[in-house]
Amino acid sequence: MAKTQLGARVDDEVAELARARAKDRGLSVGDYIALLVREDVDGLRARGLDAARRFLDEHQALFDEAEDADTGHTAAASGAHAA
């Protein structure tokens, strides 16, 4: 995989913490930062999926009603759900 060099300015304390944590994990500072970014993105994705599931759980009846109006039959009779 191709790598791109990034530059960032951080406080000395943050730089030392990053170096120490990277060393503790057996990683370079660059690999440690990449891991943190990936974990952050994965966390955002999981929270987004959870929010979508909660939204659908809360509003499923509304989607079913709209679908019923479009098809002219009831979801209970067909066992259909919008999601």
| Arg53 and side-chain contact (heavy atoms from CB on, under 4.5 Å): which partner among Leu56, Asp50, Leu49? | Leu56

| query | Who pairs with Arg25 by side chain to side chain donor-acceptor pair (under 3.5 Å), at least two apart in sequence or on another chain? | reply | none

| Could you state the interatomic distance from CZ (Arg21) to CG (Leu35), rounded to the nearest 0.5 Å? | 10.0 Å

| task | Could you tell me which residues satisfy side chain to side chain donor-acceptor pair (under 3.5 Å) with Glu65, sequence neighbours excluded, listed by chain and number? | result | none

| SB check Arg54 Asp57 (cutoff 4.0 Å) | no

| query | Minimum heavy-atom separation for Ser28 to Ala22, with atom names? | reply | O-CB, 3.8 Å

| task | For the pair Phe55 and His59, evaluate ring pair (Phe, Tyr, Trp, His ring centres under 6.0 Å) and give the outcome as yes or no after the intermediate values. | result | CA-CA 6 Å; Phe55 177 84; His59 301 288; 4.6 Å; yes

| request: Establish whether Leu36 and Leu17 are linked, either directly or via other cluster members, by ILVMFWY side-chain heavy-atom contacts under 4.5 Å. | output: no

| said: For residues 1-14, which residue pairs pass the side chain to side chain donor-acceptor pair (under 3.5 Å) check, not counting sequence neighbours? | reply: Lys3-Asp31

| task | Report the distance from atom CZ of Arg45 to atom CG of Asp40, rounding to the nearest 0.5 Å. | result | 11.0 Å

